[in-house]
Amino acid sequence: MVTATTMPVLDALLGTLYVTFFYAILIWLLLHTLRRTHLPASCFQPRPMLLPLLIALSCAVVSAVNVAFAFYQYTSKRIIGFNAVSLPLTWILATIVSFFSMRDNNRRFPLVLILWWCFTCVLDALSVSLNLVKNLESINLWFFLSEDNLVHLVSLPLLPLVCFNVCAKEHSDEEQQQPLLQKHLESSIQEQDQEAFTNASVWSQLAFQWLNPVFKTGRIKKLELAHIPPLPPSEMAQNASSLLEQSLRKQKLKEGGSLAKAIAHSICKSLALNAVLAGVNTCASYIGPLLITNFVNFLLGNNGDSSIQYGLILAFIFFLAKTVESLSQRQWYFGAQRIGIRVRAALMSLIFSKSLLMKCAGPTQGKIINLINVDVERIGDFCWYIHGVWLLPVQIILALVILYINLGYIPSVAAFAVTILVMVCNTPLANKQEGLHSKIMEAKDSRIKMTSETMKNIRILKLHSWEISFLQKLLQLRETERRWLQKYLYTCSAVATLFWTSPTLVSVVTFGACILVQTELTAATVLSALATFRILQEPIYNLPELISMIIQTKVSVDRIQEFINEEDQNQFINRYGPKTSSIAIEIKPGEYAWETNDQPLKKSTIQITGKLVIRKGQKVAVCGSVGSGKSSLLCCMLGEIPLVSGAGTKVYGTKSYVPQSPWIQSGTVRDNILFGKKMNKDFYEDVLDGCALHQDISMWGDGDLNLVEERGINLSGGQKQRIQLARAVYSDSDIYFLDDPFSAVDAHTGTHLFKNCLMKLLYDKTVVYATHQLEFLEGADLILVMKDGKIVESGRYKDLIACPNCELVQQMAAHQETVNQINPCQEDDSGSCRPCQKNQSEVAEENIQEIMEDWKRNKEEEAETGRVKWSVYSTFVTSAYKGALVPVILLCQILFQVMQMGSNYWISWATEQRGRVNNKQLMGTFVLLSCGGTIFILGRTVLMAAIAVETAQRLFHGMITSVFRAPVSFFDTTPSSRIMSRSSTDQSTVDTDIPYRLAGLVFALIQLLSIVVLMSQVAWQIILLFFVVLAVSIWYQAYYITTARELARMVGIRKAPILHHFSESIAGAPTIRCFNQEKLFLIKVKALIDDYSRVAFYNFGTMEWLSVRINFLFNLVFYFVLVILVTLPRSTIDPSLAGLVATYGLNLNVLQAWVIWNLCNVENKMISVERILQFSNITSEAPLIIQDCRPEPEWPKEGKIELHNLHIQYDPTAPMVLKGVTCVFPGQKKIGIVGRTGSGKSTLVQALFRVVEPLEGCILIDGVDISKIGLHDLRSKLGIIPQDPTLFLGTVRTNLDPLEQHADQELWEVLSKCHLAEIVRQDPRLLDAPVAENGENWSVGQRQLVCLARLLLKKRKILVLDEATASIDTATDNLIQKTIREETSGCTVITVAHRIPTVIDNDRVLVLDEGTIVEYDEPAQLLQNNSSSFSKLVSEFLRRSSQSNFQKR
């Protein structure tokens, strides 16, 4: 009766689908015909192929059979149905299109045709299977020749052949056809002819046999990147990003388009194919619940035919359905991961392109890194979940159809109502999840931003003894993040509990409805319903995760879309072609400002009041006091500052830029200089000579192939400055913008650069240079004098100097005052005291790594080898509450499993015989057992959330504390990207992923074992079979894990170079833009992305390789179990228990797949824990405080420093840096330290702060051996201004007084002493005025003054000044030096000298060379010796200054 009522509905539905496909194919044919008429005939030359021909012929055969059947129906019955017409017509049209497509040059079948073939294949398979089951007992030859079956039986063998071949062909063709890149890809495909994946057969792709070579390699030796085959073309970043860019152009994102739609459009074809596989998998998974009624009735003997043949055929159909389900699931999952790889590559390329064009006050580097680390990964992961959105309703509908067939109308409606109710109840929880997740991401952004800034400036924090204070701030940010995370995970617990118990709730209501409407419950119908609920449990169980992923992905897509919609820097950049006239730069009246509406940063506003023309070949000098707008004027010309009003600036010709703060890439020195250009050896040598780099190159063991570390930390300030100057000169541009190029070099080198570089190499070029060294103004054709953001004077040097009241004359007077301080014993020796390059002493901060040329620190990130150690697992499991809650959680899961199985067995046993128990007992016991399971699940989910939060917090605390206590050498040799990747990606994995992955594995194992135990209760032989399969599975897993583990580690390692390249490129974006090298950097990042995608591709493939094999083994186990149940005598088995075994067995492969998936994922994800623990066990510095050896609170009183036989070596394999240095710095005296690069100046300073410990000897301060006291006690008593001035994100107040120990009055006093008070008062927020990341909204000179104010505020007895005023104009420098003399009159001041006036009035000067003391005396005594190094340095400065004074006269 049910069948009779449902058949018309199904016929109508099928007829509608046939007509829909007919029109879809017809429309495609018409459109393709129109398009074809506009293309040349050469594009459509026939290319006969065997496979397309077979496919087309198969279609023709199926069409002929359907037409014949329709004709037979008409002639025999004189009637013809709607379906009998629509089906043959659609097949005829499909045959025409298949022959039509076969002749096209592109050799592809249309998507609509593929979908039609897949649809009819599934439909025929279902029809034949159902007819076989329905008429199994009466099967004979006439059954196969009947009119109902003949068409299906003829079509069925042909259709799978068509579908498999077409899908495989389409998959490979898709990789070969990407727009805009056809020629490039054709060559790529030719190069990759030998690639296993591209040429894999259908069987090889189904069984993932194309991965066998990788496994063989991984078995023999440790897998490395070189062993991994190339990436398929469709997954390459270039192809993926070009498709996404096309979609974005169509979407018009800035006009309200959607990034999500653009992404979906770029992957729509792959997504459609993936959807077909998902649909096949879903249909196959419901064959079991549909047929379980027949099987249970067979076991009970209720079907009237208990022949073994019937049972064996049923068992085989079960096995066939499970095999199709397994194979389609593996292809579905792998296809989803491939789409994810493509999406990640496209989005990373898009974000990188955007970040190079980002406006000056755009998102911070921390946020951009977070977009890559978290948001892009999440969107890529969502591709695995995306089909759940439409599969869930399909699965529910299929489940309701089965319930309707078995139980009738009312119970199935009741089941549907409860399912909808559960979903409705989830809505407020889902909304709450979305809000909480947004809060987590905001908190994470803040933490990552601060971590990034702290790691960059960790050396400064340690020297100031501020690291613990900054660690506390970071932990406070993490605590905020933890609170949001805790709320989020508890909300997830509520959702998980709701959906774990929903199948139980559905079954209680459904069976209750059956009793109310007096529908008879039999063991067969009950077990079929339970099987349906159980198979429905998977999507319902995944629904919380699906909802969570949708919410998280929406947040991530919105964040990336917001980033992409940010205003581009591109609109400000001046890109004008070469002009034939003599004008190089044309500046028209206008106003430029750094401020934006969203982020008002305190930047100087540049106002151009009159038109200014700079002609080709002119040398233009820009001078002015600190903060007058010199750097900003250069940025205006470059187009880096937004134009607020006016006509703007035009620059004609190519440009090069040397920023004030050097930007150096990781790589070799040669790479930095060439910067993407080809090597011209002669010109290259001229550039090296002009930039005074020959001697440095001869010092390095590898010459110009010497490796440069992150941010150039193994180079001195002067070396970095000269390398970036060489980069600019080698670019051979028309116009050069040099921002204070002489500040970081000594007098000899500065003169050399000016003469040989500016005046010789660039003699015919236009050069605009900002400088504080007024002696370099003499060679300029035009001088621009800046004050308060305006050009107050412009003209030639002679004209400006002739005006007694002009700004330049006042600055020159201050310069002359500085020169007069120096009184050499023999001025007339200045002309002859030009030391050769060999003796010049570039006074710049040499870093630890300068001395260690042979120590190759630019190595690959170290990774653990072999399996993840058990200690990692035990540490993770016992991190929270020492593991006390773990047994409780396991007990809850076991009791839940017992309750669930008990309730199912109870209702099966109770309904086996009518009247065995009454309805009240039946439902009462069932509800009681179900409620018990619900309570245990609630306890489990809540405890899991508590453990997850606590574990994540403890691991983070351990890692970040260890990193902050690490020695400075650790940060010098560890790129910050490695720390950042652990702090962001790995920590996010630990926060929300690993605890649930690990628990999910254990829970799935408990379920699997419980099913095996249940099966063994029916037949003990199953235990033996299980052990055999288990042994084979373990062998497979052992074979798999050696390769998979290394691939997973490589995935983690390959992400860091991408992050590093991002960080580096964002920092140098203005330079990259100026050199027009965006394309070069984009190519490099795409190559890095491809390396990452390549490893990820094979990593995902290996998981599926294992799963497809283990799936097949467990399907065999299920098949043999069914065979055993069929063949055992009825008297020896309990039918209810046997039916329950068959019911649970249906879920065996799903459960086993979940176990394997989690097993693979757990070890791969645990690598994140392993990486975090790596950084939790870093060798620490000396203790911060040693209680037994604490100095007096007033120490040091005098400030006397004694060096006794000091020997320092950075590494046992490195040379000695300081060799027996012995001297005394008297207390309350000023000591200057000079010496060439590598002489040991900075090493001496670092030894004073115990950044490096002496190998031999000691340092005494006021008689106290500093090696005996704690680092905090030592460093907190010393003060230092480093060469690179460092400001932190925050306010003026937090930068001056990070520890909040001083009153506002004290802050204003030091600001006044450093001549910053007026600058700060310009902002109405005063001390609360914002300071941008890295202090970007302050000039370099202003930053140095803030650092000086910070030092004066501390009032230390011993001060170290390392080029404290390098970027300050002479007039301000004179005032500052006076302030320093006054404020430090009772202090010991050690000055690492960079400019002669800073040390000439010191009490003592120490000259170092190759780690030994060459000279140590009063300056006057040293100047009496004309051959002394110090005397030569002074003479060079005087010679240069005297030339400037001569010009003045």
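Any value given below was found using the heavy atoms of this structure, including those in side chains, with hydrogens, waters and symmetry copies removed.
- Separation of atoms CD (Gln486) and CD1 (Ile440) is listed at 11.0 Å; rounding is to 0.5 Å.
- Ser1065 has its side chain within reach of Ile1072: a pair of non-hydrogen atoms, C-beta onward, lies under 4.5 Å apart.
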Could you go through Gln953 and Leu485, starting from their C-alpha distance and side-chain angles, then the distance that decides it, and tell me whether this counts as side chain to side chain contact (heavy atoms under 4.5 Å, CB included)? CA-CA 10 Å; Gln953 193 68 0; Leu485 178 67; over 6 Å; no
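- By the 4.5 Å heavy-atom criterion applied to side chains, Ser353 and Leu1082 are counted as neighbours.
- Distance CZ/Arg559 to OG/Ser438: 8.5 Å, rounded to 0.5 Å.
- Taking the six-membered ring where the residue is Trp, Phe1062 and Phe352 present perpendicular rings, their angle passing 60° and hence far from 30°.
- In this structure, His464 and Trp466 have parallel ring planes: the angle between them is below the 30° cut-off, well short of the 60° mark.
- The distance from the CE atom of Met441 to the CG atom of Leu436 is 13.5 Å, given to the nearest 0.5 Å.
- Considering every non-hydrogen atom in both Arg344 and Gly380, the closest pair reads NH2-C, 3.5 Å.
- Of the inter-residue distances, the one linking Leu461 atom CG with Glu453 atom CD reads 9.0 Å to the nearest 0.5 angstrom.
- When side chains are defined from C-beta on, Thr451 counts as touching Met455, because their heavy atoms get closer than 4.5 Å.
- Relative to the six-membered ring of Phe956, Arg478 meets both conditions, a distance below 6.0 Å and an angle of at most 45° to the axis.
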Could you give me the CA-CA distance, side-chain angles and deciding distance for His437 and Arg378, then say whether side chain to side chain donor-acceptor pair (under 3.5 Å) is met? CA-CA 13 Å; His437 190 261; Arg378 185 163 290 131; 3.3 Å; yes
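- At a threshold of 4.0 Å, the pair Lys1086-Asp1091 does not count as salt-bridged, since none of the basic side-chain nitrogens sits closer than that to a carboxylate oxygen.
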Take Asp986 and Thr989, measure what side chain to side chain donor-acceptor pair (under 3.5 Å) needs, and give me the verdict at the end. CA-CA 5 Å; Asp986 292 325; Thr989 306; 5.1 Å; no
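- A side-chain donor-acceptor contact under 3.5 Å links Gln561 to the backbone of Leu259.
- Residue Phe876 comes nearest to Met1166 through the heavy atom pair CB-CE, 4.0 Å, listed as atom of the first residue, atom of the second, then distance.
- Side-chain atoms of Ser879 and Glu950 include no donor-acceptor pair closer than 3.5 Å.
- Of all heavy-atom pairs spanning Ala345 and Ala237, the tightest one is CB-CA, 3.9 Å.
- Distance alone, capped at 3.5 Å, places no donor-acceptor pair between the Trp484 side chain and the Glu479 backbone.
- In this structure, the side chain of Ser465 does not engage the main chain of Arg1275 through any donor-acceptor pair within 3.5 Å.
- Contact annotation: the side chain of Met348 never approaches that of Val1085 to less than 4.5 Å [non-hydrogen atoms, C-beta and beyond].
- Side-chain polar atoms of Asp991 and Gln987 form a donor-acceptor pair below 3.5 angstrom.
- In this structure, a donor-acceptor pair under 3.5 Å is absent between the side chains of Thr480 and Arg447.
- In this structure, His1272 contributes its side chain and Ile468 its backbone to no donor-acceptor pair below 3.5 Å.
- Not one N or O on the side chain of Ser962 forms a donor-acceptor pair closer than 3.5 Å with the backbone of Gly958.
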With side chain to side chain contact (heavy atoms under 4.5 Å, CB included) as the criterion, how do Met944 and Ile889 come out once you've worked through the C-alpha distance, each side chain's angles and the decisive distance to 0.1 Å? CA-CA 7 Å; Met944 269 302 302; Ile889 290 174; 3.9 Å; yes
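- When all heavy atoms of Pro967 and Thr1179 are compared, the closest pair comes out as CD-O, 3.0 Å.
- Relative to the ring axis of Tyr490, Lys487 does not place its NZ or CZ within 45° and under 6.0 Å from the centre.
- Under the rule for a ring-ring contact (aromatic ring centres under 6.0 Å, His included), Phe964 has no partner lying at least two apart in sequence or in another chain.
- Side chains of Phe382 and Ile550 form a contact here, defined as non-hydrogen atoms less than 4.5 Å apart.
- Aromatic pair Phe1175/Phe970: centroids less than 6.0 angstrom apart.
- No hydrogens or angles considered: nothing links the side chains of Thr217 and His227 as a donor-acceptor pair under 3.5 Å.
- Of the possible donor and acceptor atoms, one in the side chain of Glu1064 sits under 3.5 Å from a partner among the backbone N and O of Ser666.
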Could you give me the CA-CA distance, side-chain angles and deciding distance for Lys554 and Asp558, then say whether salt bridge (Lys or Arg N to Asp or Glu O under 4.0 Å) is met? CA-CA 6 Å; Lys554 182 180 180 299; Asp558 290 346; 3.3 Å; yes
Check against salt bridge (Lys or Arg N to Asp or Glu O under 4.0 Å), Lys462 and Glu1181: CA-CA 11 Å; Lys462 285 184 173 288; Glu1181 287 184 302; 2.9 Å; yes
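- Taking CG from Leu489 and CZ from Arg482, the interatomic distance works out to 10.5 Å, rounded to the nearest 0.5 Å.
- In this structure the side chain of Ile1089 reaches within 4.5 angstrom of the side chain of Ile1058, judged on heavy atoms.
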Taking it one step at a time, do Arg965 and Leu1184 satisfy side chain to side chain contact (heavy atoms under 4.5 Å, CB included)? CA-CA 9 Å; Arg965 290 289 297 118; Leu1184 293 174; 3.6 Å; yes
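- The heavy-atom pair separating Ser983 from Ile448 by the smallest distance is O-CD1, 3.9 Å.
- Note: Phe1097 CZ to Leu1047 CG = 11.5 Å, rounded to the nearest 0.5 Å.
- Remark: Lys439 NZ is loosely packed, at most 12 non-hydrogen atoms of other residues, nucleotides or ligands lying under 6.0 Å away.
- A donor-acceptor distance shorter than 3.5 angstrom exists from the side chain of Arg982 to the backbone of Arg978, with no hydrogens or angles considered.
- Looking only at side-chain heavy atoms (C-beta outward), Met1103 and Gln337 stay at 4.5 Å or farther from each other.
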Step by step, would you call His1061 with Phe1081 a side chain to side chain contact (heavy atoms under 4.5 Å, CB included)? CA-CA 9 Å; His1061 188 66; Phe1081 277 76; 3.6 Å; yes
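- Counting heavy atoms from C-beta on, the side chains of Gln1174 and Val1169 never come closer than 4.5 Å.
- Between Thr1102 and Asn1099 the shortest heavy-atom distance is OG1-O, 2.6 Å.
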Report the C-alpha distance between Asp1090 and Arg1094 in whole Å, list the side-chain angles of each, state the deciding distance to 0.1 Å, and finish with yes or no for salt bridge (Lys or Arg N to Asp or Glu O under 4.0 Å). CA-CA 6 Å; Asp1090 282 343; Arg1094 180 171 147 202; over 6 Å; no
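- Defined by atom type and a distance below 3.5 Å, a donor-acceptor pair is present between the side-chain atoms of Ser988 and Lys444.
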